[in-house]
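Structure first, commentary second.
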Amino acid sequence: MIAGAMSENAEKVEAGLPDTLSCWIVSDGKAGIEGPCLGLAEALGVEPEVKRIDVRAPWRWLPPNLWPAALSAPGPAGDRLSPPWPDLVIANGRKAMAPAAAIRRASGGRAFVVVLQAPQMRLDAFDLVIAPKHDRLEGANVFSVQGSITRIRPETLSEEAERFAGELKPLPRPRVAVLIGGTSKVHRMDMESACNLAEGLARMAREEGCGLMITASRRTGKEAFALIREALADLPAVLWDGTGPNPYFAYLGAADAIVVTEDSVNMVSEAATTGKPVLVAALSGGSAKFRRFHADMAAAGITRPFHGRLDEWSYTPLDEAGRAAAEVARRLAQRGQTVRR
């Protein structure tokens with residue numbers, strides 16, 4: 001089902017996109033910010049030049065709409081934003097919004113500028129705003145996606161699963177990938193949250209007879225990770241501790257179901273590209289925006305809450321990179337944009 005959905009979007013892109021397209025990605029270089037930009041560029045089939053900006057004071061402290069000289073805001077530690085301007089700009093992150101709008105102005109509108117989140121400035125400063133549905137943005141140049149754009153492709157997951165096949169072979173089926181985030185601006189991986197998660201995973205492993213493939217992040221915290229490890233010590237589970245090659249994609253590819261903590265839109269969205277059941281584990285805290293996101297994913301039949309047991313259901317795998325790429329291609333074709341060859 002994933003391959004079919006992606007093939008359909010690829011055909012749409014191919015029909016509307018010129019043969020070659022010069023493209024910049026503008027971001028602050030953080031993986032969670034730059035990754036969606038790369039995902040969109042890859043879905044479009046373009047080879048981007050990545051511009052990582054390091055915004056100097058006082059601009060880094062001000063909202064983007066207060067940057068009068070946005071092309072001068074990036075400091076010497078970052079990449080320069082200067083002509084010749086590209087055909088396409090894909091920007092993400094608060095620090096990239098004002099520079100992206102300034103590129104559009106400086107190019108006389110020739111550069112088609114796409115931003116991947118609510119920009120905190122006028123929407124008409126950009127050609128296209130691709131924003132998560134839970135941001136509730138509306139406008140003629142707004143395209144909503146379910147969750148976030150990812151770089152995940154079926155072939156990546158199958159290749160990585162094969163790469164780690166020897167390590168995972170002893171685990172019984174069904175196999176469950178467990179993606180653990182942690183403390184963030186609005187969520188907390190406190191000991192109560194860690195205990196609830198550990199107890200739920202242990203109960204599921206015992207009662208369902210499943211094998212667990214667990215990966216945690218730096219935000220999980222040493223104490224919480226140690227608690228989870230101890231709770232699962234006598235159960236069929238592998239836990240990645242951050243050393244050696246990262247098995248994240250392998251676990252997604254090898255899983256029959258996925259448990260993911262609620263603190264990361266990206267992790268839930270990546271899990272949803274597989275078409276496998278996605279069970280969302282609660283943490284302390286939260287926000288209205290996260291609650292909207294999880295409500296949207298549940299209403300779409302993609303996720304269900306994690307209560308220490310497995311459920312089985314199906315849904316159309318997310319391919320928001322492909323959908324967004326098709327929309328970019330459609331709008332470029334409407335402009336009849338000249339592409340440098």
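In this chain, residues are counted from 1 in sequence order.
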Is the Trp313 ring parallel, tilted or perpendicular to the Tyr315 ring (thresholds 30°, 60°)?
->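 Trp313 and Tyr315: tilted rings.
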Would a 4.5 Å heavy-atom cut-off, applied to side chains only, mark [X] and [Y] as touching?
| X | Y | answer |
| --- | --- | --- |
| Glu262 | Val268 | no |
| Leu116 | Cys37 | yes |
| Leu252 | Leu179 | yes |
| Glu159 | Phe249 | no |
| Phe225 | Ile180 | no |
| Asp241 | Arg229 | yes |
| Phe293 | Pro132 | no |
| His294 | Thr303 | no |

Just how far is it from atom [atom1] of [X] to atom [atom2] of [Y], taken to the nearest 0.5 Å?
| X | Y | atom1 | atom2 | value |
| --- | --- | --- | --- | --- |
| Leu283 | Asp263 | CG | CG | 5.0 Å |
| Leu137 | His134 | CG | NE2 | 10.0 Å |
| Gln146 | Met297 | CD | CE | 5.5 Å |
| Arg331 | Phe143 | CZ | CZ | 8.5 Å |
| Ile25 | Leu38 | CD1 | CG | 4.0 Å |
| Leu40 | Glu327 | CG | CD | 11.0 Å |

Take Asp190 and Ser284 through the test side-chain hydrogen bond (donor to acceptor under 3.5 Å, both in side chains) and record every step on the way to the result.
-> CA-CA 7 Å; Asp190 52 25; Ser284 296; 2.7 Å; yes
So, [X] side chain and [Y] main chain: donor-acceptor pair closer than 3.5 Å or not?
| X | Y | value |
| --- | --- | --- |
| Arg105 | Ala125 | no |
| Arg203 | His307 | yes |
| Thr220 | Gly181 | yes |
| Asp127 | Val114 | no |
| Lys276 | Ala255 | yes |
| Asp311 | Pro277 | no |
| Lys30 | Gly35 | no |
| Ser269 | Ser148 | yes |

Might you work through the side-chain hydrogen bond (donor to acceptor under 3.5 Å, both in side chains) test for Asn266 and Ser264, ending with a clear yes or no?
-> CA-CA 5 Å; Asn266 282 343; Ser264 173; 5.2 Å; no
Which atoms form the tightest heavy-atom contact between [X] and [Y], and what is the distance?
| X | Y | value |
| --- | --- | --- |
| Thr273 | Pro317 | O-CB, 3.4 Å |
| Arg175 | Lys169 | NH2-O, 3.4 Å |
| Ala111 | Ile103 | CB-CG2, 4.2 Å |
| Leu232 | Ala198 | CD2-O, 4.3 Å |
| Ile53 | Ala96 | CD1-CA, 3.9 Å |
| Glu138 | Leu123 | O-CD1, 3.6 Å |

When clusters are formed by joining ILVMFWY residues with side-chain heavy atoms under 4.5 Å apart, either directly or through shared neighbours, do [X] and [Y] land in the same one?
| X | Y | result |
| --- | --- | --- |
| Val238 | Val176 | no |
| Trp240 | Leu227 | no |
| Ile33 | Ile90 | no |
| Val26 | Val113 | yes |
| Ile152 | Tyr251 | no |

Using 4.0 Å as the upper bound for N to carboxylate O, is an ion pair formed by [Y] and [X]?
| X | Y | value |
| --- | --- | --- |
| Asp87 | Arg335 | no |
| Asp135 | Lys289 | yes |
| Glu42 | Arg151 | yes |
| Glu49 | Lys51 | yes |
| Asp124 | Arg104 | no |

Phe126 and its side chain to side chain contact (heavy atoms under 4.5 Å, CB included) partner, picked from Val115, Val89, Val142 =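 The side chain to side chain contact (heavy atoms under 4.5 Å, CB included) with Phe126 is passed solely by Val115 among Val115, Val89, Val142.
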In this structure, are over 12 heavy atoms from other groups packed under 6.0 Å from Arg304 atom CZ?
-> yes
Between Ile228 and Val178, is a side chain to side chain contact (heavy atoms under 4.5 Å, CB included) present by the stated rule, with each step listed?
-> CA-CA 11 Å; Ile228 294 168; Val178 183; over 6 Å; no
Verify side chain to side chain contact (heavy atoms under 4.5 Å, CB included) between Leu332 and Leu21, making sure each step is shown before the conclusion.
-> CA-CA 11 Å; Leu332 285 169; Leu21 197 74; 4.0 Å; yes
Evaluate the criterion side chain to side chain contact (heavy atoms under 4.5 Å, CB included) for residue pair Met97 and Met121; output intermediate values, then yes/no.
-> CA-CA 8 Å; Met97 295 296 106; Met121 52 192 299; 4.0 Å; yes
Verdict with reasoning, Ser193 to Arg188, per side chain to side chain contact (heavy atoms under 4.5 Å, CB included) = CA-CA 8 Å; Ser193 297; Arg188 298 187 309 280; 6.0 Å; no
